[in-house]
Amino acid sequence: APQERHFQEKIDADIKIEAKNWMPEAYRRTLIRQMSQHAHSEIVGMLPEKNWLTRAPNLKRKLQLLAKIQDEAGHGLYLYSAVETLGADRDEELEKLHSGEVKYSSIFNYPSRSWADMGTIGWLVDGAAIVNQVVLQRTSYGPYSRAMIRICKEESFHQRQGYQILLEMMHNGTEEQKAMVQDSINRFWWPSLMMFGPHDSDSPNSAQSMQWKIKRMSNDDLRQRFIDQTIPQLELLGCTVPDPELKWNEERGHYDFGAIDWSEFYSVLKGNGPCNRERLKTRRDAYDNGAWVREAAHAYAKKQQQEAA
Amino acid sequence: APQERHFQEKIDADIKIEAKNWMPEAYRRTLIRQMSQHAHSEIVGMLPEKNWLTRAPNLKRKLQLLAKIQDEAGHGLYLYSAVETLGADRDEELEKLHSGEVKYSSIFNYPSRSWADMGTIGWLVDGAAIVNQVVLQRTSYGPYSRAMIRICKEESFHQRQGYQILLEMMHNGTEEQKAMVQDSINRFWWPSLMMFGPHDSDSPNSAQSMQWKIKRMSNDDLRQRFIDQTIPQLELLGCTVPDPELKWNEERGHYDFGAIDWSEFYSVLKGNGPCNRERLKTRRDAYDNGAWVREAAHAYAKKQQQEAA
Amino acid sequence: MTTQHALTEYLLRLGDSNIILAQRLCEWIGHAPVLEEELALGNVALDLFGQARSWLEYAAQLQGEGRSADDLVFGRNEREYRNLLISEQSNGNYADTLARQYLFDAWHYYLLQALQHSTDEQVAAIAAKGLKEVTYHLRRSSAWIKRLGDGTEESHQKMQQAIDDIWTYSGEMMMTDAIDAPLVAAGIVPDMTAITAQWQAHVSTTLTEATLCCPAQDSYMQRGGKQGLHGEQLGFLLAEMQFLPRAYPDAVW
Amino acid sequence: MTTQHALTEYLLRLGDSNIILAQRLCEWIGHAPVLEEELALGNVALDLFGQARSWLEYAAQLQGEGRSADDLVFGRNEREYRNLLISEQSNGNYADTLARQYLFDAWHYYLLQALQHSTDEQVAAIAAKGLKEVTYHLRRSSAWIKRLGDGTEESHQKMQQAIDDIWTYSGEMMMTDAIDAPLVAAGIVPDMTAITAQWQAHVSTTLTEATLCCPAQDSYMQRGGKQGLHGEQLGFLLAEMQFLPRAYPDAVW
């Protein structure tokens, strides 16, 4: 079809697709799904951090953590708005989240077990997210690309703060605190690597997304990039990762690393992570318990409009 | 009426009235009200103690406190049973509690603000209750009198435990702990004195209750007895009470004490204590939220009976 | 009582009320009825924590014992906390949270408006900065009172119940004691008479617009928070908030 | 791993599970559906605290570092707690609490029955004493499963949901790891195979009688509690429970 050819030519020429432009249905659907997942991840990702918000150890950290959670809510808002440019509806997308039809990043199905996790989540989890998002700044859909540019700036800030939390504990903390940090990294290392998704060979939809430039780098390349940039930071911390095979490969110019336990990845994805139920229940309850508030706001707005008319 | 005369003769001869005996309606009503109030007080009285149950500072104290709360639930059960011997219904009595029609001891409208309150409530509040109850062992209604005998034994035990909590803190504790004890006594002293009710001159129903031997000593006499037995214990603790007029009166053979602020008493009674709302709400919610459980148990019992038949 | 001691106490009352209310607001994160409200609640909490830090830093400085705002927040027990009772009340449903917030915001707004003219420069500066934030808080919470009061039948009932329930904790904001007198005399803090009238007018106008009944101004009012006499819920809030510094006294974070 | 070290860990797992579950039960006090249940829940909690104390005293003795059961209960952080995940799950509604209790009681009962024949005399003695109490716990909780399962439509649904929700935490009770092996070899603790079968039989019979569906035995089961990897709720429970000793380290109570 000529429309289709024209569309692909624009993509190939790195011209952004905008909301009003024609696009293949599959492109639209793929984008809606990916951006919704991304938006949901921002919202669900607030939960493991909220878990320590009321227990932050001092005012500075409390303010930082709250501001970070706020930023994530803000990212959620941009992203839902961007999804809506594609004709999707925020409430319908939330329904899909609540019914389990659309996922969020599986990393948030792990509990935050200590204050050190507030550092590790910032450093590793946001770090992995940024590696993804930096590339997505060049994604072919304009509103998504612009949302990513805005989000990336804040995420880098979060990542530095997370790293600072760990540095402070490792360099100035007690032995107990150092153990807390190492334990946290041990728990989050492999799940962070899984954030980039399955190996390219097991990622059947990637080719189409690459062609459409929704995706711009392969899962394995992104993962390698993340590891390469993270390990020097790890060494500066004075910590280790729970991977005996991790080693600098002079020849490749990259770190080699051990085999990822994909059975865990798929198990968590399927709903068996420690917190899947809890996370969904929290979101669902919040939505359900808030129904009367949304209805009231709606009713009030309608009355105001009528009075104004 | 001959029935009435016979009834009063039994009372005068210190013969107990039993459930199956004839009694004046007013006697029955007065008893139901008083015993219900007493039962409700046991149940509501669990709440300020429950407040520290999950925060008890060591296993020994936690076990003691839980056992004490259990005893109170048990007392509630005896007393409701005793009330039922008079033809009252437990659920109806609970309704009256929940609607505010029947009161419970106002002392439980004060919050328990520190662990020391677990000592003070045992020592002063249970102490005041015992002074009342010891006399009520000789009350004219048999089932009530027998419930009192049983309850008194356990209450004395509670009182000693409460005192031990305070002694331990005062004699072996830190300065902070000693301050905590003194603060607790300061808060509970006057409300404990108010537990005996208004001055005899302001207690219009007392005369009839005395005649029926439902009451066996006047409010003021009970209060004096409580003060006289408590002050030596206070001195042993090394604490004071917030009453500059408290002084041994050699001539009277009793302690003199300052004027009670009855406006506070009536205000709390009217619903203005710090916890009146909260206490009633807790009880009401427990009852309402438990409705489906009670219904299920009832339905199940019925099915079992039908099957057995 | 020296003015300095009185001012320290006064600052603790302000700072603690902000801290405790902000902590309560944090409990909503992840549970709010709509994403925009997660943001709004969080913003209000951020502002309140920030203002609390300023008040408490000043209080610590006046105490002159080398303590920090953190020491005050994480090292004092219930009896030493000086927050208003209204700030510690539990969240309840969204109407309860907004009723609490609105009555607090209205007081906070008029108080900071007066405090920005304090003869104490530091008080004036903190108040002026805070006032900008609180102006927004009050605009937001009064809008919600109207939205829920004049929304649906259900929201109206819930909001009326919420106002009725929280009302008994509103009077303490306007009460004064021996701490206030020397500060008022020195022009450091305002007399509460004018503020009380302003508060009453704002509340009565807002509730009327929201089609809600305003409870009697002479209802019985709970007191004690400013003197460290709190309800039973505060201890749990503090146990949670202070856990890490208490459990790891030698740690740096 | 020495047998002594393994036994210490094993005792912590038992003791901690009892402590945490008892602490959860305490949260019901004042909130139970009927007075008799306040008593019953309290009695179960008392028993569990008592047994926990015995297990932890023995653990402390084996550690030989002069610690007491109190030190273990009030001085360890989440990561050091060894309780089963099932014991830390929040109370939910009464069906949730009873589903949690029943699945735990059935395991507890068969485990203590085996442990009373332990080659370790102290283990055997504590188990024998506890078994009497747990026999009652199990009788009570299975009766409630039937009562609610076969009560009303509403209670049936709630109980089925409760069973379905808690199920994923039941498998951990039967799982073994490196701690168990040397103890089984020494006859100190039982092999879990027989107990698993007993537990499954009891549960499937009870649920059937209660007109409830028994979830698949091969459902995915959560693990980690025994290794100190807990859910997010445990930290709050501990913050509350440990507050006083943490806040007043030099105090005696």
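Quantities reported herein were computed from a predicted structural model and do not represent experimental measurements. Proteins come first, then strands; the chains are lettered A, B, ... in the order of their sequence lines, and each starts at number 1.
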Give, as side chain, backbone, both or neither, the part of A:Met180 having an atom under 4.5 angstrom from any heavy atom of chain C.
-> side chain
Nearest 0.5 Å please: distance from the CD atom of C:Glu240 over to the OG1 atom of A:Thr54.
-> 3.5 Å
Go through the atoms of C:Val73 and report whether side chain, backbone, both or neither lie under 4.5 Å from a heavy atom of chain A.
-> side chain
Any side-chain heavy atom of A:Glu168 within less than 4.5 Å of one from C:Val252?
-> yes
Drop me the distance from A:Asn58's CG to C:Asp71's CG, to the nearest 0.5 angstrom.
-> 10.5 Å
Among A:Gly173, A:Ala297, A:Gly119, A:Ala301, who wins on heavy-atom pairs under 4.5 Å with chain C?
-> A:Ala297
Please say whether more than 12 non-hydrogen atoms of neighbouring residues, nucleotides or ligands are located less than 6.0 Å from NZ in A:Lys303.
-> yes
For the residue pair A:Ala299 and C:Thr152, what are the closest heavy atoms and their distance?
-> CB-CG2, 3.8 Å
Using a cut-off of under 4.5 Å for heavy-atom pairs, which of C:Phe243, C:Phe74, C:Tyr248 has the most such pairs with chain A?
-> C:Phe74
Over all atoms of both residues, closest heavy-atom pair of C:Pro245 and A:Pro57 = CG-O, 3.4 Å
Would the number of heavy atoms belonging to other residues, nucleotides or ligands and lying under 6.0 Å from CZ of A:Phe157 be above 12?
-> no
Cut-off 4.5 Å, heavy atoms of chain A, and the answer for C:Ala22 is neither
Select, from C:Arg246, C:Lys146, C:Met159, the one with the greatest count of heavy-atom pairs under 4.5 Å involving chain A.
-> C:Lys146
What part of C:Lys158 is in contact with chain A, defined as an atom under 4.5 angstrom from a non-hydrogen atom: side chain, backbone, both or neither?
-> side chain
Residue selection (most heavy-atom pairs with chain A, distance under 4.5 Å) from C:Asp150, C:Leu148, C:Asn43 = C:Asp150
Salt-bridge contact A:Arg90-C:Glu36 (side-chain N to carboxylate O under 4.0 Å) | yes
A:Gln70 side, atom CD; C:Leu46 side, atom CG - distance, nearest 0.5 Å = 5.5 Å
Interchain contact, C:Ala251 with chain A, by part (heavy-atom threshold 4.5 Å) | both
Write down the atom of A:Trp115, the atom of C:Trp253, and the distance for their closest heavy-atom approach.
-> CD1-CE3, 3.4 Å
Heavy-atom count around C:Glu121 CD within 6.0 Å, excluding the residue itself: above 12?
-> no
Pair count under 4.5 Å, heavy atoms only, with chain C: among A:Met46, A:Lys302, A:Glu295, A:Arg283, highest is A:Arg283
Looking at A:Leu59 and C:Ala69, what are the two nearest heavy atoms and their distance?
-> CD1-CB, 4.1 Å
Carefully, step by step, assess A:Asn289 and C:Tyr94 under the rule side chain to side chain contact (heavy atoms under 4.5 Å, CB included).
-> CA-CA 9 Å; A:Asn289 295 337; C:Tyr94 211 58; over 6 Å; no
How many angstroms lie between atom CG of C:Asp250 and atom CD of A:Gln177, to the nearest 0.5 angstrom?
-> 9.0 Å
What part of A:Ile43 lies closer than 4.5 angstrom to a heavy atom of chain C: side chain, backbone, both or neither?
-> side chain
Please indicate whether C:Lys129 has more than 12 foreign heavy atoms, meaning atoms of other residues, nucleotides or ligands, lying under 6.0 Å from its NZ.
-> no
In terms of heavy-atom pairs under 4.5 Å with chain C, the winner among A:Leu77, A:Thr174, A:Ile165 is A:Leu77
Is it true that C:Glu57 and A:Lys60 make a salt bridge, defined as a side-chain N closer than 4.0 Å to a carboxylate O?
-> no
First locate atom CG of C:Leu35, then atom CD of A:Glu42, and finally report the distance between them rounded to the nearest 0.5 Å.
-> 10.0 Å
Given that the side chain runs from C-beta out, which part of C:Ile19 has a heavy atom under 4.5 Å from chain A: side chain, backbone, both or neither?
-> side chain
Relative to chain A, which segment of C:Glu27 carries a heavy atom at a distance below 4.5 Å: side chain, backbone, both, or neither?
-> both
Which pair of non-hydrogen atoms, one from A:Leu63 and one from C:Gly50, has the smallest distance, and what is that distance?
-> CD2-N, 4.1 Å
Under 4.5 Å to a heavy atom of chain C? For A:Arg294 that would be side chain
CZ (C:Arg147) and NE2 (A:His298) are apart, to the nearest 0.5 Å, by 13.0 Å
Could you tell me which portion of A:Ala116 (side chain, backbone, both or neither) has an atom closer than 4.5 angstrom to a non-hydrogen atom of chain C?
-> neither
Residue pair A:Leu66 / C:Cys26: nearest heavy atoms and the distance that separates them = CD2-SG, 4.2 Å
